[in-house]
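First the structure, in the form of structure tokens, and then the observations on it.
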Protein chains: 2
Amino acid sequence: MRHEQIEMHPTRWGDPARAQALPAEARGLVEMVFGVDDRPAVAEQPLTPPVIEAAALAALEGAVGAGHVLTDDATRRLRTRGKSTPDLLRARAGDLTDAPDAVVRPATHEEVAAVLAVAVEHRLAVVPFGGGTAVTGGLVAQREGFAGVVSLDLVRMKRLLAVDHVSMTATLEPGLRGPEAEELLAAEGLTIGHFPQSWEYASIGGFAATRSSGQSSAGYGRFDALVVGLTVATPIGRIDLGTAPANAAGPDLRQLFLGSEGTLGVLTAVTVRVRRLPEVKVYEGWRWPSFAAGASAIRTLAQAGLLPTVVRLSDEAETAINLADPGAIGGAADAGCLMIAGYEGEPAAVAAKQAAVTAVLTGLGGTPAGTAPGEKWSAGRFDAPYLRDSLLDAGILVETLETATFWSNVDRLYTDVKAALTAHLGEPALVLCHISHVYETGCSLYFTVAAKEGADPLAEWQAAKAAACDAMIHAGATITHHHAVGRDHKPWFAEEIGPVGVFLLRAVKADLDPSGVLNPGVLIP
Amino acid sequence: MRHEQIEMHPTRWGDPARAQALPAEARGLVEMVFGVDDRPAVAEQPLTPPVIEAAALAALEGAVGAGHVLTDDATRRLRTRGKSTPDLLRARAGDLTDAPDAVVRPATHEEVAAVLAVAVEHRLAVVPFGGGTAVTGGLVAQREGFAGVVSLDLVRMKRLLAVDHVSMTATLEPGLRGPEAEELLAAEGLTIGHFPQSWEYASIGGFAATRSSGQSSAGYGRFDALVVGLTVATPIGRIDLGTAPANAAGPDLRQLFLGSEGTLGVLTAVTVRVRRLPEVKVYEGWRWPSFAAGASAIRTLAQAGLLPTVVRLSDEAETAINLADPGAIGGAADAGCLMIAGYEGEPAAVAAKQAAVTAVLTGLGGTPAGTAPGEKWSAGRFDAPYLRDSLLDAGILVETLETATFWSNVDRLYTDVKAALTAHLGEPALVLCHISHVYETGCSLYFTVAAKEGADPLAEWQAAKAAACDAMIHAGATITHHHAVGRDHKPWFAEEIGPVGVFLLRAVKADLDPSGVLNPGVLIP
């Protein structure tokens, strides 16, 4: 890639140049609801010196070449944890105790394999690092039992390895960030169509390792559904998977590595289905009298095979706050619930789909709201994390969490998780929700909360989050639809897959990574 | 279920009452091409007496109840092997050496678990048995190292456990055959939409355990894609999987059991996505000047998101033989290639899809052939295995095999497999092919061969099949798109997933089934 990589700020989201003060209307809302309590981050602190022995560092340099094993504070700081609110709260408080001892930058599959061999020999914990956008603790390795922690930074693995215009697939290296991958493919007239909120920084490897799902998943599919092939470096050797679009040749081993969060191997190449760049993109708004009415309409579309490319539905609270239009938060909003429906593709196909969807939604009582709400959503779709930083500056704890369930269980899940959050966050607090990803058999629910920070905002949030996670599991839903397990979701993940599932995952981990050097402490209960 | 179960004939496919003599025109073709050489099956032979000790049989009776452990020859004969041509050749020659020692019929998950516990204690190999339609040796367990072989017959597990009309899912027991499951669901206005050629006998558990794919897969999806939940009895305990339509909660463990062919556990409940029964079914024919032209048109449809419910394309040879219309085999046929396109659903949706597809196909040079070819295909879609029996009676070896690859590799795969079969079957032989399952990124190729039986038809076929499998692997394709691995595909399966994949599968097997009692010798290289 010709780009110089923009590094995210150690204590904030995204491009430091795009950091923004809280917009006036949002600040007004905050002052009205919570009261502003400015809480700036503490000044940057020096890190604890790295503990890795010289022999191990030399072996790492042997694996990746001199100049690609970095132990300076600035580099280590940028490879510390992810970007959850707890991560940011710790970083803002000057706590960077989870910083890796060294950042190692392999350029090829073979160099990744060599790093793993060094890690096994020298008992180093290895944390694969792509975009650094993790929000569930997936970048925090356990130190106990290891002679050091290494961040395996995939920043040098940014090639487009192959494009197949006939089969419509592309093979990408894991370090490519979303925009980098899309730029390379756009030159070929292609797109992956995977645009999660983290897209500007998250990486191809991270998308696969966490079963990411993008805002256009209704049209393009979630990332794990786009993957047709994988190359993985494991401590016991290389594995290449994906000989056909689908097959009956035993269990689908790709599905063990998708979602494995760096604990079973390091993805060194990912082959994905691609589509032609859409000629047309139309995003429009719809109004519904209630969340239930809108959800029922979305279910009707999904089960009729009529899903738009993008479909999202905010509940009454989220609609009232204008969360789909970050620039207008706190401003006037209509009652009811806002749905965004987006169509991408060739003009004729877009027009046909739009007409069919419009007929269904109108028949179900939806009110078209024109393209303005859709355009605002689209313009602001990657901005919410910047807003979170501004709110944290103002002493407002903001975080998101998400889950998914089958349609018949959505009402219960919504009610129970909202109640758990509301009860534990106390007053005043905002608990907002939207349906973000839709399937024939169910959907995801994505919650956003805002509450005034107390004396220990981290502990306060963790209690509320635990209550929400309890509610998800008690409702029979999943602990995570697209944020992965990391460290934060492990107890509930164990409940979700049960004791045999936990045993099986532990056994697979022991089979593939007998020394346990790969992202120890993450995912595996 | 109120049905008495119709058992397949021990040496033939399907309902013995539906056995048929070779139709006159097909017999004429056979006489012209090969010469008829009648080879009736030998008379039914007594089986080797069962070797299981009395204590083990008593323990099995304790697990499932007296009356549900059967050791009579008639029952054992009906649970011997599957229905591949090699299976039939052996059975017709009087070789039933792979008969199980006992047939055990549990009625519940708990009874399945109890059988597994007895098997571990008494060192009995356990072969889960659903419909008995396996074609790759998946029902033949290894005897060495075991005190007997038990067929775990799921014939008593035929309940529809749950229907969720909101989420559009249904939970089924594994012993339900295709028509039984569809009848139960039809009473609810629902369908799975999974109709492989084996559908009349194959079971829900078998569909899941082999990653089956049906003739309507373009519209309804392959079976593994329909599964949202699984309950599995393993020797180390029960596991329930499937908390949401999709999630990011670690690796998708369901995908380890789908395709596991009874080697990792016994599926005791399967939750699938269902659809409303289609109001309209339209099947029509299209003519293409060449296989390549038709394949290109199908690829265009798949990549435009315009697939019909059913889409298949016969090559020139298969078209000339009328294989899509078994009743007309040997009769007059047009030149070029026949495509079948089928549409199922609500009238308006069917009409819209049909119009869009028709426009694309016409623009690409296809010639509509009306509904007659489609209706004939539909009427005969489950009959080919009966025809195979008639041909075996006439001394003609008939078998099928299949593979899949990405679109850019289809020409090579087609050419190489066809050449391998033709070279090894000698003259005269027929090698026919159709595209049977279609994806955005590729498709399956399904080959049918016919050749005059020589002195050792089993060995002759095995040599030709091995050459075809070599060609698949050398072309980078999968060894099986929907027939599973069984025993027959193991050597090539090992090449397909590589040494780390083989190690991983073996390790997972050892983790879940430490005594190795589950279908030993099957799947795991």
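Letters A, B, ... are given to chains in the order of the sequence lines, protein chains preceding strands, and every chain is numbered from 1.
Of the atoms belonging to A:A349, not a single heavy atom falls under 4.5 Å from chain B. For chain A, the nearby parts of B:F406 are the backbone and the side chain; heavy atoms of each come within less than 4.5 Å. Within the 4.5 angstrom heavy-atom criterion, atoms from both the backbone and the side chain of A:L256 approach chain B. For a residue to count as touching a neighbouring chain, one of its non-hydrogen atoms must lie under 4.5 Å from one of that chain's; by this rule A:H483 touches chain B with the backbone only. In this structure, chain A has heavy atoms under 4.5 Å from both the backbone and the side chain of B:T478. Only the backbone of A:L258 comes within contact range of chain B, with at least one heavy atom under 4.5 Å from a heavy atom of that chain.
Going from atom CD of B:Q303 over to atom CZ of A:R273 covers 10.0 Å, rounded to the nearest 0.5 Å. The structure places CD1 of B:I497 at 6.5 Å from CD1 of A:I239, a figure rounded to the nearest 0.5 Å. B:D224 contributes atom CG, which lies 9.5 Å from atom CD of A:Q255 (distance to the nearest 0.5 angstrom).
Note: A:R222 leads A:R276, A:E261, A:R222 in heavy-atom pairs under 4.5 Å with chain B. In terms of heavy-atom pairs under 4.5 Å with chain B, the best-connected choice from A:I524, A:V485, A:D240, A:T403 is A:V485. Of the listed residues (B:V228, B:L241, B:T136, B:I479), the greatest number of heavy-atom pairs within a distance under 4.5 Å of chain A belongs to B:V228. Ranked by heavy-atom pairs under 4.5 Å with chain A, the first of B:P251, B:S296, B:S212, B:A484 is B:P251. Looking only at heavy-atom pairs under 4.5 Å with chain B, the residue among A:I473, A:T234, A:L512 that has the most is A:L512. When each of B:A302, B:G486, B:A356, B:A477 is checked for heavy-atom pairs under 4.5 Å with chain A, B:A477 comes out on top.
Side-chain contact between B:R275 and A:E440: present, with at least one pair of heavy atoms (C-beta onward) separated by less than 4.5 Å. Proximity of A:V166 to B:R299: side-chain heavy atoms (C-beta onward) are separated by under 4.5 Å at one or more points. Contact of the A:D511 side chain with the B:D511 side chain is registered, since non-hydrogen atoms from C-beta on lie closer than 4.5 Å. B:E496 is listed as a side-chain neighbour of A:N247, based on a closest heavy-atom distance under 4.5 Å. Within the 4.5 Å cutoff, the side chain of B:D164 has no heavy atoms near those of the A:W407 side chain. The side-chain heavy atoms of B:V508 and A:V508, taken from C-beta on, include a pair separated by under 4.5 Å. Contact of the A:V438 side chain with the B:P245 side chain is not registered, since no non-hydrogen atoms from C-beta on lie closer than 4.5 Å.
Of all heavy-atom pairs between A:A404 and B:A246, the closest is CB-O, 4.1 Å. Closest of all the heavy-atom pairs between A:H482 and B:A248 is CA-CB, 3.5 Å.
Looking at B:R211, its side chain does come within 3.5 Å of a backbone N or O of A:G250 through a donor-acceptor pair.
More than 12 heavy atoms of other residues, nucleotides or ligands lie within 6.0 Å of CD in A:E279, so this atom counts as buried by the packing criterion.
Remark: the B:T441 side chain and the A:S167 side chain contain no N/O donor-acceptor pair separated by less than 3.5 Å.
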Only pairs under 3.5 Å count here: list side-chain donor-acceptor contacts from residues 499-507 of chain A, not counting sequence neighbours, and write none if there are none.
| unit_1 | atom_1 | unit_2 | atom_2 | d |
| --- | --- | --- | --- | --- |
| A:R506 | NE | A:P525 | O | 2.6 |
| A:R506 | NH2 | A:P525 | O | 2.9 |

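Evaluation of the ring pair (Phe, Tyr, Trp, His ring centres under 6.0 Å) test over residues 220-262 of chain B, restricted to residues two or more places apart or in two chains, returns B:H194-B:F223, B:F207-B:F223.
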